[in-house]
Amino acid sequence: MIFLSFILVSQFNKDKNLWRITIAIGLSGMGVLEGFHSISIFGNQFVLLHLLAVFGGSCWFAATSSDKQARNVIKFNQIYWINFIGLTVLGIMIIVFREFIPIMQIDGKFTNIANLISILSSFFYLIAAYNFYTMFIANKNLELYILSLSSLLFTIASIAFMSSHMWSAGWWFWHFIRLGSFIALGSIILLKYKQSNDDLLKSESRIKSNQHYFHLLINSTAEGIYGLDLNGNFTFCNQAGIKMFGYKNEKEILDKNMHDLVHSNLLDGSHLQVLDCKICRAIREGQEIHLTEKFCRKDNTSFDAEYWAHTILIDNERTGSVVTFFDITERKLTENLLKKNQEKFQDLIERSSDGIYVLQNNKFVFINPMFTKIMGYQLEDISGEDFELEQILPDEGMQVIKEREEKMRMGEKLSNRYGFKSYRQNHEIVDINVSISNIDWEGQPAILGMIQDESERIKYQNELVEALNKAEESQRLKSFFLSNISHELRTPLNAIVGFSDLIRQETHHMLDESMREFFDIIEQSSNRLMNTVHNILNISLLETGEIDFVPKQVNLVSIIERTIKMVKLDAERKQIGIIYENRLNSIPIIADENLLFNALTNLVDNAIKYTKKGCVSVVLEKNSDFLHLTIADTGIGMSEEYMAKLYGVFSQESQGFNKKYQGIGLGLAIAKRALDLHNVDVSVESEKGVGTTFTLSFLLTGSEKGAQA
């Protein structure tokens, strides 16, 4: 019975079921007293020891009323041993002081005292049988059913005891009943013990398997993990931690003090005293900590680490700590770089020439110094709960905002840049140009805006428009003046030319050679002046858009040949050759014949004028959809600086009273404007001292292509 009680105690220490410890106490008491009963001589003490064993067991059996778990295992273990020792002392006293024992039997017949003890025992066993059966019905535990059955057998045995005579058949009958009860009880206890051992082996196997998986898990993580005992010594460390500490394997750090090995320096490199070590303090005081400090490597270098220390509690007792950590060296570098970039970005914002703001729920949540400079507001002026956008927007500004909102509701795509009027803090109206974009500001949608003060620009723009209008008016007046003066000059010039020619014809026979040369000079000068007046009239008409432009179908080849014929005499006078190449037939184009003829004449005439020797070539050829007319000379050429203002009115590279060539600089200006009216592209190439080449490109239409074909 004592052996069975030991098994029950061991099981109680595992599952903490109260009925196990009460039965164990009862069996241990029965075992102690029955042991003394077996070694005592026949007599009163022999009967008393047996009855006390049965009675004590019945009391503890009956004390079991539920299968709840014990809250204090140690307390019940102490009760077990107190009961065991106390009954052992009682058994010794009964053996030693047997003369003081009441009479329990007379001639093999049990006395009333003995029967009373037996009756009480049977009553308590009956209560125990009922309790165990009730618990069995509740949870269907076979052990409880066997305990109920055993208690019932103990009840029958106690009743049979009272009617038996020592050493009679009845005496042995209740002994066999008790033996059956003990056999049943012992069988289920031993069976449960074996099952418990099997479960223990399985649990140990699962624990080993879980430990294996646990080691695989912690060794597969990128973060370092190590355990510490209450003295701050390493109990384990995963592979990531070993690698970060610079060791080869776990054996190098196990059972060594963590503080001395890896945590003796602060972030600034100074020595960290063990009393100031927060991890050691966490172990001592059971704290949970999360900090950033330096850890040391095996080679005495260090790294920045972020770590968490957690206390390990087993049965509410601290047994150590577990620490997880990361090497945050790269993160610190990134954070420092990010901080520097943020500082640079902040500096850029603060130094920006644009006013920058963030608007969230129609409230300003950020403005830069330039915004304050432009608008005059501080952030607190325009960020309060009572602030409304209408406070800084006049009617014109609100109209712009409302129109944009309406267009957005209609699904119209709007530009992110627009202008509006706003109030400065001093209520002065300012013209603002803003560029906006949608951003996320502290987890909420917002609008980022960049504003510019457009007041000065608009004022300057208005001044420019006014100046342009004045310039255009001046240009119109100039053109009007030139047009009128040209008309006024042409009439007397025509009279001078006409009458001088008439005088020369009437007096031809009376004039000598020198007098005839004077008339030639008058004619040449008059023609030159007439040509100048004609050019002034043409440029004034072209500038004002009042020239008669009458496009019709004309023959381009015919116009080119007419041009060459017109200037051929001047070329021969200067002994300059004219080369004309045309591999095409007649080419009909849509053009104003007079304007085109004048433009070509000015270009070819210019080429002859600025060529001292050599030749002027005129080449017409077709390339894809274009006709290209090239006019090239071997004259003086032009500088790059002058080519930038080549087509300006009254523009000549050689100017002043000492200029080398006649003319007032209108020929190319007239030619370019006339060709622009015909959508003819003009390109020019020139080199000083080598010559100049003009290329005119005529775009052929469908009908012109057909005529050429």
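When reading the values below, keep in mind they use all heavy atoms of this one structure, side chains included, and skip hydrogens, waters and symmetry mates.
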> Can you list the residues that meet the side-chain contact (heavy atoms from CB on, under 4.5 Å) rule with E640, with sequence neighbours excluded?
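Result, side-chain contact (heavy atoms from CB on, under 4.5 Å) vs E640: none returned.
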> Working to the nearest 0.5 angstrom, can you tell me the gap between E454 CD and F420 CZ?
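Between E454 CD and F420 CZ, I get 11.0 Å after rounding to 0.5 Å.
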> Does atom CG of D395 have more than 12 heavy-atom neighbours from other groups under 6.0 Å away?
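Atom CG in D395 is not crowded, with 12 or fewer foreign heavy atoms closer than 6.0 Å.
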> Side chain to side chain contact (heavy atoms under 4.5 Å, CB included), that's the test. Do I559 and N555 meet it? Break it down for me.
CA-CA 7 Å; I559 295 173; N555 187 349; over 6 Å; no
> Would a 4.5 Å heavy-atom cut-off, applied to side chains only, mark I587 and L627 as touching?
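I587 vs L627: side chains touch.
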> Starting from the C-alpha separation in whole Å, work towards a yes-or-no answer on salt bridge (charged side-chain N to carboxylate O under 4.0 Å, His left out) for D453 and R424.
CA-CA 11 Å; D453 184 352; R424 286 194 173 103; 2.6 Å; yes
> Using every non-hydrogen atom in the two residues, find where M244 and A222 come nearest and quote the distance to one decimal.
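What the structure gives for the nearest pair is CE-O, 3.9 Å.
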> Please enumerate all residues that pass side chain to side chain donor-acceptor pair (under 3.5 Å) together with S697, with sequence neighbours excluded.
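Listed in chain order: H628.
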> Closest heavy-atom contact between M450 and Y357?
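Smallest interatomic distance, heavy atoms only, reads N-CE2, 4.4 Å.
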> Backbone N or O of M638 within a donor-acceptor pair of the S686 side chain at under 3.5 Å?
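Answer holds: yes.
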> Quick one: pull up CD in Q342 and NZ in K344 and give me the separation to the nearest 0.5 Å.
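Reported to 0.5 Å precision, the distance equals 12.5 Å.
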> Assess whether side chain to side chain contact (heavy atoms under 4.5 Å, CB included) is satisfied between L675 and L603, documenting all intermediate values.
CA-CA 11 Å; L675 292 171; L603 290 173; 4.2 Å; yes
> For E412, what residues pass the side-chain contact (heavy atoms from CB on, under 4.5 Å) criterion, not counting sequence neighbours?
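Only K407, L414 meet the side-chain contact (heavy atoms from CB on, under 4.5 Å) criterion with E412.
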> Heavy-atom distance under 4.5 Å between the side chains of I560 and V618, does that happen here?
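Heavy-atom side-chain distance check passes, below 4.5 Å.
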> For E403, check side chain to side chain donor-acceptor pair (under 3.5 Å) against everything at least two apart and list the hits.
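Checked E403 against side chain to side chain donor-acceptor pair (under 3.5 Å); matches are Q399.
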> Could you go step by step and tell me if E388 and N362 meet the side-chain hydrogen bond (donor to acceptor under 3.5 Å, both in side chains) rule?
CA-CA 7 Å; E388 299 292 341; N362 285 337; over 6 Å; no
> Tell me, do I432 and V430 make a side-chain contact under 4.5 Å, heavy atoms counted?
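In contact.
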> Nearest 0.5 angstrom please: E581 CD to T630 OG1, how far?
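So the gap between those two atoms works out to 10.0 Å.
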> Show every donor-acceptor pair shorter than 3.5 Å between a side-chain atom in residues 433-448 and any protein atom, with sequence neighbours excluded, or say none if there are none.
| residue | atom | partner | partner atom | Å |
| --- | --- | --- | --- | --- |
| N433 | OD1 | R417 | NH1 | 2.8 |
| D440 | OD2 | G443 | N | 3.1 |

> How long is the gap from CG on L556 to CD1 on I590, to the nearest 0.5 Å?
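Spacing of CG (L556) from CD1 (I590) equals 12.0 Å.
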> Tell me every residue that passes side chain to side chain donor-acceptor pair (under 3.5 Å) with Y580, counting only those two or more places apart in sequence or in another chain.
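Applying side chain to side chain donor-acceptor pair (under 3.5 Å) to Y580 gives N582.
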> Donor-acceptor pair, D592 side chain versus P551 backbone, under 3.5 Å?
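No.
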> Could you state the interatomic distance from CG (D570) to CD1 (I576), rounded to the nearest 0.5 Å?
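Result: 9.5 Å between the selected atoms.
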> If you define the side chain from C-beta out and look only at heavy atoms, does anything of L700 sit under 4.5 Å from F626?
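L700 does not reach F626 side chain to side chain.
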> What's the shortest heavy-atom distance between A632 and T693, and which atoms?
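Taking A632 first and T693 second, the nearest heavy atoms are CB-OG1, 3.5 Å.
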> Measure across I374 and G355 and return the closest heavy-atom pair with its distance rounded to 0.1 Å.
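Scanning both residues, the minimum pair turns out to be CD1-N, 3.9 Å.
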> Has S352 got a side-chain atom pairing as donor or acceptor with L348's backbone, closer than 3.5 angstrom?
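Between the backbone of L348 and the side chain of S352 there is no qualifying donor-acceptor contact (under 3.5 Å).
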> With N606, which residues qualify under side chain to side chain donor-acceptor pair (under 3.5 Å), at least two apart?
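With neighbours one apart ignored, the set is empty.
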> Going by the rule salt bridge (Lys or Arg N to Asp or Glu O under 4.0 Å), which residues pair with E335 if we only count those two or more places apart in sequence or in a different chain?
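Salt bridge (Lys or Arg N to Asp or Glu O under 4.0 Å) check on E335 returns R331.
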> Is it the case that the side chain of T634 and the backbone of C615 share a donor-acceptor pair, with hydrogens and angles ignored and the cut-off at 3.5 Å?
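Side chain of T634 to backbone of C615, a donor-acceptor pair under 3.5 Å: yes, one is there.
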> Is a donor on one side and an acceptor on the other found under 3.5 Å between the side chain of D605 and the backbone of T601?
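No, because the side chain of D605 does not come within donor-acceptor range (under 3.5 Å) of the backbone of T601.
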> Excluding sequence neighbours, so at least two apart, what forms side-chain contact (heavy atoms from CB on, under 4.5 Å) with T301?
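Partners of T301 under the side-chain contact (heavy atoms from CB on, under 4.5 Å) test: R297, D299.
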> Please tell me if the side chains of K568 and E572 come closer than 4.5 Å, counting only heavy atoms from C-beta onward.
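In contact.
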> Report yes if the distance between the aromatic ring centroids of H678 and F698 is under 6.0 Å, otherwise no.
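No, the ring of H678 stays outside the 6.0 Å limit from the ring of F698, centre to centre.
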> Between R673 and A669 (side chain of the first, backbone of the second, donor and acceptor by atom type, cut-off under 3.5 Å), is there such a pair?
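The answer is yes, because a donor-acceptor pair under 3.5 Å joins these two groups.
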> Apply side-chain contact (heavy atoms from CB on, under 4.5 Å) to K421 and list each qualifying residue two or more places apart in sequence or on a separate chain.
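K421 satisfies side-chain contact (heavy atoms from CB on, under 4.5 Å) with P394, E396, I429, D431 only.
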> Verify, without hydrogens or angle tests, whether D633 (side chain) and G635 (backbone) share a donor-acceptor contact under 3.5 angstrom.
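Confirmed, D633 side chain pairs with G635 backbone.
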> Go through the steps for Q346 and E350 under the test side-chain hydrogen bond (donor to acceptor under 3.5 Å, both in side chains), then give the verdict.
CA-CA 6 Å; Q346 184 68 26; E350 292 181 354; 3.1 Å; yes
> Less than 4.5 Å apart, side chain to side chain, heavy atoms only: is that true for L668 and K672?
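No, side chains not in contact.
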> So, does S422 use its side chain to make a donor-acceptor pair with the main chain of I392 at under 3.5 Å?
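Here the side-chain-to-backbone pair exists.
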> For T611, is there any backbone N or O sitting under 3.5 Å from a side-chain donor or acceptor partner on K574?
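At least one qualifying donor-acceptor pair exists.
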> With sequence neighbours excluded, give me every ring-ring contact (aromatic ring centres under 6.0 Å, His included) pair touching residues 384-406.
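The answer is F364-F387.
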> Distance-only check: which donor-acceptor pairs under 3.5 Å involve side-chain atoms of residues 366-373, not counting sequence neighbours?
| residue | atom | partner | partner atom | Å |
| --- | --- | --- | --- | --- |
| N368 | OD1 | I356 | N | 2.7 |
| N368 | OD1 | F371 | N | 3.0 |
| N368 | ND2 | I349 | O | 2.8 |
| N368 | ND2 | D354 | O | 3.1 |
| T372 | OG1 | Y377 | O | 3.0 |

> If every non-hydrogen atom of A674 is compared with every non-hydrogen atom of L595, which pair is closest and at what distance?
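Nearest heavy atoms, A674 then L595: CB-O, 4.1 Å.
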> Which value, rounded to the nearest 0.5 Å, describes the distance between N598 atom CG and E593 atom CD?
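The CG atom of N598 sits 10.5 Å away from the CD atom of E593.
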> If you count the non-hydrogen atoms of other residues, nucleotides and ligands that lie under 6.0 Å from CZ in R409, is the total more than 12?
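For R409, atom CZ is crowded (more than 12 foreign heavy atoms under 6.0 Å).
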> Looking at I631 and A607, what are the two nearest heavy atoms and their distance?
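In terms of heavy atoms, the two residues are closest at CG2-CB, 4.4 Å.
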> Is the backbone of I636 close enough, under 3.5 Å, to the side chain of K688 for a donor and an acceptor to pair up by distance?
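Such a contact is absent between K688 side chain and I636 backbone.
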> Would you say that more than 12 heavy atoms from the other residues, nucleotides or ligands in this model lie under 6.0 Å from the CD of Q575, or not?
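Counting other residues, nucleotides and ligands, CD of Q575 stays at 12 neighbours or fewer.
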> Could you go step by step and tell me if I564 and V604 meet the side chain to side chain contact (heavy atoms under 4.5 Å, CB included) rule?
CA-CA 8 Å; I564 294 173; V604 179; 5.6 Å; no
> Does some side-chain heavy atom of Y423 sit less than 4.5 Å from a side-chain heavy atom of E428?
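In short, these two side chains do not touch, never coming nearer than 4.5 Å.
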